[in-house]
Amino acid sequence: MAKWQNENELIFRVAIAVPVYRLFDYLAPEQLESIHIKPGTRLEVPFGKAKKIAFLIECVQHSDIDIGKLKRIERILDEKPLLSAKDLALLHWASRYYHHPLGEVFSAAFPVALRQGKSAVIQTEKRYVLTELGKAADSGQLKRSPKQKSVLEKFQAHQNSLSEAELSAWNANWRASVKQLVEKQLLQLAASELGIKSNEPIIKNNALLCNPQQQAAITAVCDSLGQFDVFLLEGVTGSGKTEVYMQIIRTVLERGQQVLVLLPEITLTPQLEDRFRQRFNASIAISHSKLTDRQRACAWIAMQRGECSILLGTRSALFTPLKNPGLIILDEEHDASFKQQEGFRFSARDVAVVRGKLLNIPVLLGSATPALESLQNVENKRYRLLHLPERAGNAIAPALQLLDIRNKRMQEGLSEALITEMRLTLAKNEQVLLFLNRRGFAPTLICHGCGWVARCRRCDANLVIHYDEGILRCHHCGQERRLIKQCPACKTGELTPLGLGTERVEKVLTELFADKVIVRLDRDSTQRKGSLEDYLQQINQGAVDIILGTQMLAKGHHFPNVTLVAILDVDSGLFSIDFHAPEKLAQMIVQVSGRAGRAEKTGRVIMQTRQPEHPLLTTLIRQGYNSFAKTALAERKEASLPPFSYQALLRVQATDAEMPQLFLQAVVELAQGHSNGHVQILGPVAAPMARRAGLYRYQLLLQSNKRPELHALLNLLMPLIEKLKLAKKVRWSLDVDPVDLY
Ligand code: ADP
Ligand code: ZN
Ligand code: ZN
């Protein structure tokens with residue numbers, strides 16, 4: 001009797017987050033009217049020996065698998081799917097475009113807690129805010145209770161409001177002090193975190209009076225609300241892009257719609273959050289990787305239900321469902337961190353544009369240094385350019401200058417001319433910012449006697465010296481060794497550090513500028529949670545004279561009292577084999593320059609170079625980023641490189657040295673068999689770093705002048721690659737539109 005029933009039973013076709021292209025079939029759970037279950041619903045299913053979360057793709061009548069062998073779904077987790085039909089369509093598109101398994105794409109759209117099957121019910125956490133009394137209070141009067149004093153100062157410095165989680169992250173012992181401050185009526189529990197406070201105006205304080213270019217940008221985007229369009233807001237740092245965003249957001253909120261704001265870096269969220277909280281009464285959700293799983297799930301669900309109006313987040317927030325979508329903003333759209341570099345390798349910018357199209361809402365991309373692809377999209381009339389040519393208010397753009405250091409005496413990377421400039425600046429009580437994109441003390445430890453170099457055993461890379469910690473560390477696999485004093489090869493030679501890292505420059509700075517306060521900002525110095533925020537606060541309060549740091553500095557921070565910026569080693573960026581390198585270098589230079597003289601004080605930027613005639617540097621300095629971009633695009637066109645062609649990179653690694661190449665040779669054969677001649681097959685070649693973390697690495701590049709040709713080939717190829725015998729012996733991944741070729 002069971003047989004007759006089974007044959008009419010609906011088959012649930014589901015996606016599961018495992019790295020295979022196929023979907024899986026299940027039977028409905030016991031006692032269920034399966035008719036009502038819609039695609040996108042999360043399910044719990046038996047999978048091998050374990051249970052997994054699955055996403056319903058469709059219900060079908062037939063399965064290729066004998067129905068008697070199908071297992072039953074164990075549990076249905078959502079009453080209704082959490083994603084809209086349009087967002088489901090987006091995930092299907094992304095899976096097709098990136099040729100990535102649907103289950104993993106679906107999984108990426110959900111926050112970790114929901115991916116693991118947690119219920120989509122919000123548990124709110126408490127939030128404390130300063131009372132009016134607390135805002136006005138002088139923390140100095142709490143001298144005798146230093147803990148309370150520091151809590152009060154934290155609130156005053158930090159948008160006047162902190163959640164339990166934020167407090168715990170800052171200091172584990174906050175509860176007693178907060179309780180005492182509540183008793184003193186300096187703090188109180190926030191009335192309601194969620195929910196738009198409907199009886200208050202959307203805007204808290206008055207917006208600035210915009211200049212005509214800002215106004216034109218605001219009008220253009222506001223006129224497009226309710227329909228799809230992509231805008232590229234190009235404006236130098238300090239030209240008032242954020243102000244433009246906020247004024248547009250105001251209009252979106254007035255229409256009762258939500259805004260998704262994506263940023264490249266978590267370190268930027270507190271600053272932007274501050275500005276947004278000062279401007280808007282609307283509730284703001286935050287999502288980035290430093291928050292707990294629960295916090296991220298809360299933000300996601302609040303947006304899904306329409307309880308929050310603005311979401312500030314990083315790349316992974318892109319897929320957050322919006323109950324009333326109005327606008328997507330991507331700030332610093334050129335930034336490489338919008339590209340996911342592992343697993344489901346997607347470009348948040350490109351997917352945001354597709355999402356805007358599906359939702360029929362405008363997408364606003366902003367940058368001082370737009371990606372070459374985006375500029376080409378303007379040229380093609382796919383994006384509309386909005387230009388803010390000047391700095392807003394009274395600020396004046398910094399002057400860029402090359403400093404020829406050939407044959408000059410250098411002290412740990414600092415030329416005498418630069419040191420003099422630094423002294424002059426510091427004498428005026430202004431701040432200096434030094435940029436060096438290499439952390440650690442020195443990138444190489446070499447024997448003066450025999451030439452032995454400290455190498456990583458697992459990578460084709462040198463170990464970096466970290467004197468402070470007394471170790472040598474590989475920056476590619478993280479492996480560490482004690483810092484040795486004696487050469488292991490000749491036993492007699494003297495080991496010398498070669499090259500410059502931020503730690504080494506910091507050391508010489510403390511000698512040269514003994515009476516100055518120096519802060520080093522890099523991944524090592526800011527590891528402790530909250531330390532970056534603390535440093536930034538010290539800098540902004542003027543308590544710091546010299547700021548030294550890596551690319552962490554290049555992103556978005558405002559340092560109004562910095563009037564001298566120096567890029568210590570611009571040359572190291574000039575000679576890379578990756579065709580993206582000049583673009584990235586130019587963006588980095590302009591972004592770092594943007595930190596200088598943001599207020600009324602004019603800034604200067606000095607670049608130390610041994611290549612003072614290098615065309616990239618001279619074009620950038622004499623004619624600006626746009627001329628550089630035009631030249632670079634012309635070169636790409638000449639060489640048929642993206643955005644004038646389309647690429648997909650197949651990366652392979654294995655513990656066995658031969659396997660990756662053999663696997664790729666098999667792929668090449670398949671590709672040649674199916675190619676229609678419109679796709680170039682380049683490789684296989686060893687990866688630029690041929691061994692990493694003990695694995696041998698190879699790659700194959702597919703390139704075509706026509707995107708559809710490339711994707712047609714990939715459509716045929718991917719299922720075949722998956723079935724290759726060798727595919728089980730290697731780890732492989734496909735990167736569509738790779739942003740670097742490593
Ligand atoms: P960006 O995001 O392009 O770096 P911001 O929006 O942060 O620029 O603006 C830089 C500074 O100029 C901020 O302090 C901002 O308050 C100020 N500003 C922006 N627009 C105006 C304006 N129209 N008039 C005066 N000041 C402005
Ligand atoms: Zn030696
Ligand atoms: Zn290593």
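First listed ligand is number 1; within each ligand, the first listed atom is number 1. Just so it is clear, the values below take in all heavy atoms, side chains as well, and ignore hydrogens, waters and symmetry mates.
- Close N/O approach between Gly240 and ligand 1 is found [any backbone or side-chain N/O within under 3.5 Å].
- Residue contacts with ligand 1: Val236 is included, with a non-hydrogen atom under 4.0 Å away.
- Among the backbone and side-chain atoms of Cys487, an N, O or S atom lies under 2.8 Å from the Zn ion (ligand 2).
- Distances between N or O atoms of Thr237 and those of ligand 1 include no value under 3.5 Å.
- Rounded to 10°, the angle that SG of Cys450 and SG of Cys447 form at the Zn ion (ligand 2) is 110°.
- Around atom NE2 of His387, more than 12 heavy atoms belonging to other residues, nucleotides or ligands sit under 6.0 Å away.
- Looking at heavy atoms from C-beta onward, Tyr245 lies out of side-chain contact with Val259 at the 4.5 angstrom threshold.
- Heavy-atom distances between Arg275 and ligand 1 reach below 4.0 Å in at least one pair.
- Under 4.0 Å is where a charged nitrogen must lie from a carboxylate oxygen, and between Asp735 and Lys339 at least one such pair does.
- Which parts of ligand 1 touch Ser239 is read off a 4.0 Å heavy-atom cut-off, strictly below it: atoms 3 (O), 8 (O).
- A distance-only check finds no donor-acceptor pair linking the side chain of Arg697 to the backbone of Arg651 [under 3.5 Å].
- Vertex the Zn ion (ligand 3); arms to Cys456 atom SG and Cys459 atom SG; angle 110° (nearest 10°).
- Here atom 27 (C) of ligand 1 lies nearest to Leu208 when heavy atoms of Leu208, Asn211, Leu272 are compared.
- Using a 3.5 Å distance cut-off with no hydrogens or angles, the side chains of Asp578 and Ser576 do not pair a donor with an acceptor.
- For ligand 1, the atoms closer than 4.0 angstrom to any heavy atom of Leu209 are 22 (C), 23 (N), 24 (N).
- The Zn ion (ligand 3) has no N, O or S atom of His475 inside 2.8 Å of it.
- Ligand 1 places these atoms under 4.0 Å from at least one heavy atom of Lys241: 1 (P), 2 (O), 3 (O), 6 (O), 8 (O).
- In this structure, Gln431 contributes its side chain and Phe559 its backbone to no donor-acceptor pair below 3.5 Å.
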Problem - Test side chain to side chain donor-acceptor pair (under 3.5 Å) applied to Gln587 and Tyr625, step by step - result: CA-CA 8 Å; Gln587 289 167 342; Tyr625 181 78; 3.2 Å; yes
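- Electrostatic pairing of Arg279 and Glu243 counts as a salt bridge here, judged by a charged N lying under 4.0 Å from a carboxylate O.
- Checked for salt-bridge contact, Arg384 and Asp229 meet the test: a charged N lies under 4.0 Å from a carboxylate O.
- Atoms of ligand 1 lying under 4.0 Å from any heavy atom of Glu243, numbered from 1 in the order shown and given with element: 6 (O), 19 (C), 20 (N).
- For the pair Gly235 and ligand 1, the shortest N or O to N or O distance does not fall below 3.5 Å.
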